[in-house]
Amino acid sequence: MRADYLDSFDFEFEYGLKTLKTEGLVYKNANHFHANTTTAAGHATLATGTFPSHSSIVGNDVYNRETNEWEYSILDTSIQFVGLENCNLEKVSAKNLETYSIGDHLKINDSESKSYSVALKDRAAILMGGKNANRAYWFDTESTQMVSSDYYSSPFPEWVKTFTGKIVMAEEMEYGWEKSADLQAISTTSPDSFYNETGKMNAWFPHTLSNFAADVPANKLEGDFLWLTPFGDQFALKFSEQLILNEELGKDKNCDMLTVGLSSADYIGHHFGPNSLEILDYYNKLDEYLGSYIQFLDENIGKKKYVLVLSADHGVVPFPEISASQGIDAKRISKDRFQSDMSLIDQELQVLFNLDQTTFKNISSTGVEPNFEYLTTKNIDSLIYIELLSDLLKNLDYIAEVYSDFDIYDSSCQKMYIEEMRNSYYSGKNMFVQFISKPYYLINYKQFGTSHGTPYDYDTRVPLLFYGKGIKPKTVIESVRTVDLAPTVLDILNIEPSLQLDGKSLIK
């Protein structure tokens, strides 16, 4: 969710988002201050108040230099799934998180407090829940059920097994995703049918089960429908309501914590982009969902007896094709071109150093891992090699800047975004040479959709709103950072964090 949606789409808001904006504490210039603005890094940052350099969650996937392999940042093959037999999802947990979430600090402060987390995405639920949540729940596409693992000690409740998306959202699945009748396009909205929106769904409304791509497996059709429509996030909110009721959250003197990740927002943003009718309609519907959610909290917890915080793990870049049509320097760099460019650079380095085999161990759309072992056998100075490699990479017309480990550890380095790169660095989990694209460029990406992951404003600037008990309505213009969210919540709760945080409380 980009922060500018709250202003651009404001005319559509009548319910929850309007309440948060008019009755909440709104920070209009909140930014992530790490370079690799991905889902895992963003959720860990919001929940812990620490940069990826301290949480170790530097991206969705991290590069293991010892094995020369990319690994899922929350991978944990030791866990077993609970709540669902024969679950085919990847085994994951919060084991790799190197710090505590808000909920962890809360439970350390009061052992009777409860902490739960819910999201369609596993990395969203797990990283927001933290190391010691009572339980985190995430979505299984095949069964359309929320699942969890034996990493958590609390019993898995029976009601979750029957609370499935295909039953709870059956009516929405039957009729499909229709554009709201009163939805009004704005000046930046692209036509409903735009070529680069093509993917699992048609590029135009309505989006139904019957017009999904033919290659979507039948056993995943209903689950994919929830992932790619607003109804997935409506389901997550409905699930969290049942969790509040069944676990009796907020019913005693002990403070409880619940985080809810609205993951469909990301999938819709990837698929249709920030200029689409789909993203405009999504936030129109989210406004209604959050209105109902706030009403539920008022009725079941008590008005002004809770604090609700809204933020996002990252923003999104517009389709390069749309930006280019507006006169912006923007391009989509195909996988074939990127791989060809990397091969040519490698060949040039081999010629320069009189070598007969590749100097690269691994390449990705954000970096290169040189084969230092091979370079050593050839008596090649690593510093000279890295300088030449960096120059060749920066000569590419879509690379804005190149960074190496030498830059990360050099306190005198003044390259743009160097601090953000340092905040996205954790020893042993990044490639030795990293680079960022030029603004509005997509590197090594598929021909449809869009993405995120840069230190640019469209990826880093996200909403930050506080609403509820003790919160006075106010709009703040000055810049704040997303690492400030967790210490602010802990300050509201009068809890001293048990570990040092990178952020600071915004209410001191």
Side-chain angles (χ1 to χ4, degrees), residues 1-21 39 119-121 124 139 165 169 171-173 175-186 188-194 196-209 211-212 223-238 240 260-294 310-319 322 448-452 458-459 462-463 465:
M1 184 179 183
R2 289 172 23 162
D4 61 341
Y5 291 163
L6 287 173
D7 293 326
S8 300
F9 304 163
D10 180 71
F11 67 98
E12 291 285 349
F13 301 151
E14 301 178 66
Y15 307 103
L17 289 172
K18 181 177 181 180
T19 297
L20 295 178
K21 282 193 66 177
T39 298
L120 297 189
K121 287 187 181 183
F139 187 66
M169 309 305 295
E171 184 176 348
E172 287 78 7
M173 287 185 177
Y175 292 104
W177 179 12
E178 294 272 7
K179 177 171 67 72
S180 300
D182 58 349
L183 191 73
Q184 301 176 46
I186 57 178
T188 57
T189 304
S190 56
D192 187 22
S193 179
F194 189 78
N196 297 94
E197 292 178 354
T198 304
K200 286 188 177 181
M201 306 176 82
N202 286 341
W204 55 87
F205 282 107
H207 301 293
T208 65
L209 287 170
N211 60 26
F212 257 68
D224 275 345
F225 178 83
L226 290 178
W227 276 112
L228 283 163
T229 65
F231 308 129
D233 287 341
Q234 188 181 24
F235 173 67
L237 287 167
K238 286 178 178 291
S240 76
V260 185
L262 302 178
S263 308
S264 290
D266 180 63
Y267 276 69
I268 294 168
H270 272 288
H271 205 88
F272 298 103
N275 302 97
S276 63
L277 273 173
E278 281 82 1
I279 209 72
L280 180 62
D281 191 64
Y282 167 84
Y283 284 99
N284 177 281
K285 288 179 167 58
L286 180 63
D287 175 50
E288 296 181 32
Y289 302 159
L290 291 180
S292 298
Y293 196 65
I294 290 172
L310 174 70
S311 192
D313 52 341
H314 54 70
V316 62
V317 63
F319 285 178
I322 292 177
F448 55 84
T450 186
S451 195
H452 48 85
Y458 49 70
D459 282 342
V462 294
L465 300 90

Asks: For a 4.5 angstrom cut-off between non-hydrogen side-chain atoms, does L17 reach L465?
Replies: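 Result no, sub-4.5 Å side-chain heavy-atom pair not found.
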Asks: Kindly write out the residues that satisfy side chain to side chain contact (heavy atoms under 4.5 Å, CB included) with S180, not counting sequence neighbours, or none if the list is empty.
Replies: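 Applying side chain to side chain contact (heavy atoms under 4.5 Å, CB included) to S180 gives D182, L183, D281, N284, K285.
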Asks: Let's go through F448 and E197 carefully: what are the C-alpha distance in whole Å and the side-chain angles of both, what is the deciding distance for side chain to side chain contact (heavy atoms under 4.5 Å, CB included) to 0.1 Å, and is it a yes or a no?
Replies: CA-CA 6 Å; F448 55 84; E197 292 178 354; over 6 Å; no
Asks: So Q184 and L280, side chain to side chain contact (heavy atoms under 4.5 Å, CB included) or not? Walk me through it.
Replies: CA-CA 9 Å; Q184 301 176 46; L280 180 62; over 6 Å; no
Asks: Mind checking salt bridge (charged side-chain N to carboxylate O under 4.0 Å, His left out) for D10 and listing every partner two or more places apart, or none if nothing turns up?
Replies: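 Partners of D10 under the salt bridge (charged side-chain N to carboxylate O under 4.0 Å, His left out) test: K21.
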Asks: For H314, enumerate each residue passing the ring pair (Phe, Tyr, Trp, His ring centres under 6.0 Å) test, keeping only those at least two apart in sequence or located in another chain.
Replies: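 Applying ring pair (Phe, Tyr, Trp, His ring centres under 6.0 Å) to H314 gives H452.
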Asks: Taking the side chain from S311 and the backbone from P463, do they hold a donor-acceptor pair closer than 3.5 Å?
Replies: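 Here the side-chain-to-backbone pair exists.
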Asks: Is a side-chain N or O of H271 found less than 3.5 angstrom from the main chain of G449, in a donor-acceptor match?
Replies: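 Here the side-chain-to-backbone pair does not exist.
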Asks: Checking D192 side chain against W204 main chain: does a donor-acceptor pair fall under 3.5 Å?
Replies: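 Judged by distance alone, no pair lies under 3.5 Å.
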Asks: Is a donor on one side and an acceptor on the other found under 3.5 Å between the side chain of N275 and the backbone of P318?
Replies: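 Flag not set: sc N275 to bb P318 has no pair under 3.5 Å.
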Asks: With K179, which residues qualify under salt bridge (charged side-chain N to carboxylate O under 4.0 Å, His left out), at least two apart?
Replies: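 With sequence neighbours excluded, K179 shows a salt bridge (charged side-chain N to carboxylate O under 4.0 Å, His left out) to no residue whatsoever.
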Asks: Could you go through T188 and I322, starting from their C-alpha distance and side-chain angles, then the distance that decides it, and tell me whether this counts as side chain to side chain contact (heavy atoms under 4.5 Å, CB included)?
Replies: CA-CA 10 Å; T188 57; I322 292 177; over 6 Å; no
Asks: Measure the acute angle between the ring planes of F9 and Y5, then classify it against the limits of 30° and 60° as parallel, tilted or perpendicular.
Replies: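 The arrangement is parallel - the two ring planes meet at less than 30°.
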Asks: Report the C-alpha separation of D266 and K121 in whole Å, then their side-chain angles, then the decisive distance to 0.1 Å, and conclude whether the side chain to side chain contact (heavy atoms under 4.5 Å, CB included) test is met.
Replies: CA-CA 10 Å; D266 180 63; K121 287 187 181 183; 2.7 Å; yes
Asks: Show me the side-chain donor-acceptor pairs of residues 226-235 shorter than 3.5 Å, one per line, residues at least two apart or across chains.
Replies:
| residue | atom | partner | partner atom | Å |
| --- | --- | --- | --- | --- |
| W227 | NE1 | T141 | OG1 | 2.8 |
| T229 | OG1 | F225 | O | 2.8 |
| T229 | OG1 | F231 | N | 3.4 |
| D233 | OD1 | S263 | N | 3.0 |
| D233 | OD1 | S264 | N | 2.9 |
| D233 | OD2 | S264 | N | 3.3 |
| D233 | OD2 | A265 | N | 3.1 |
| D233 | OD2 | Y282 | OH | 2.6 |

Asks: Once ring pair (Phe, Tyr, Trp, His ring centres under 6.0 Å) is applied, do any residues pair with Y458, and if so which ones, sequence neighbours excluded?
Replies: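 Partners of Y458 under the ring pair (Phe, Tyr, Trp, His ring centres under 6.0 Å) test: Y440, Y456.
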Asks: With distance as the sole criterion, is a donor-acceptor pair present between the side chains of H207 and E278 under 3.5 Å?
Replies: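 Judged by distance alone, the side chains do pair up.
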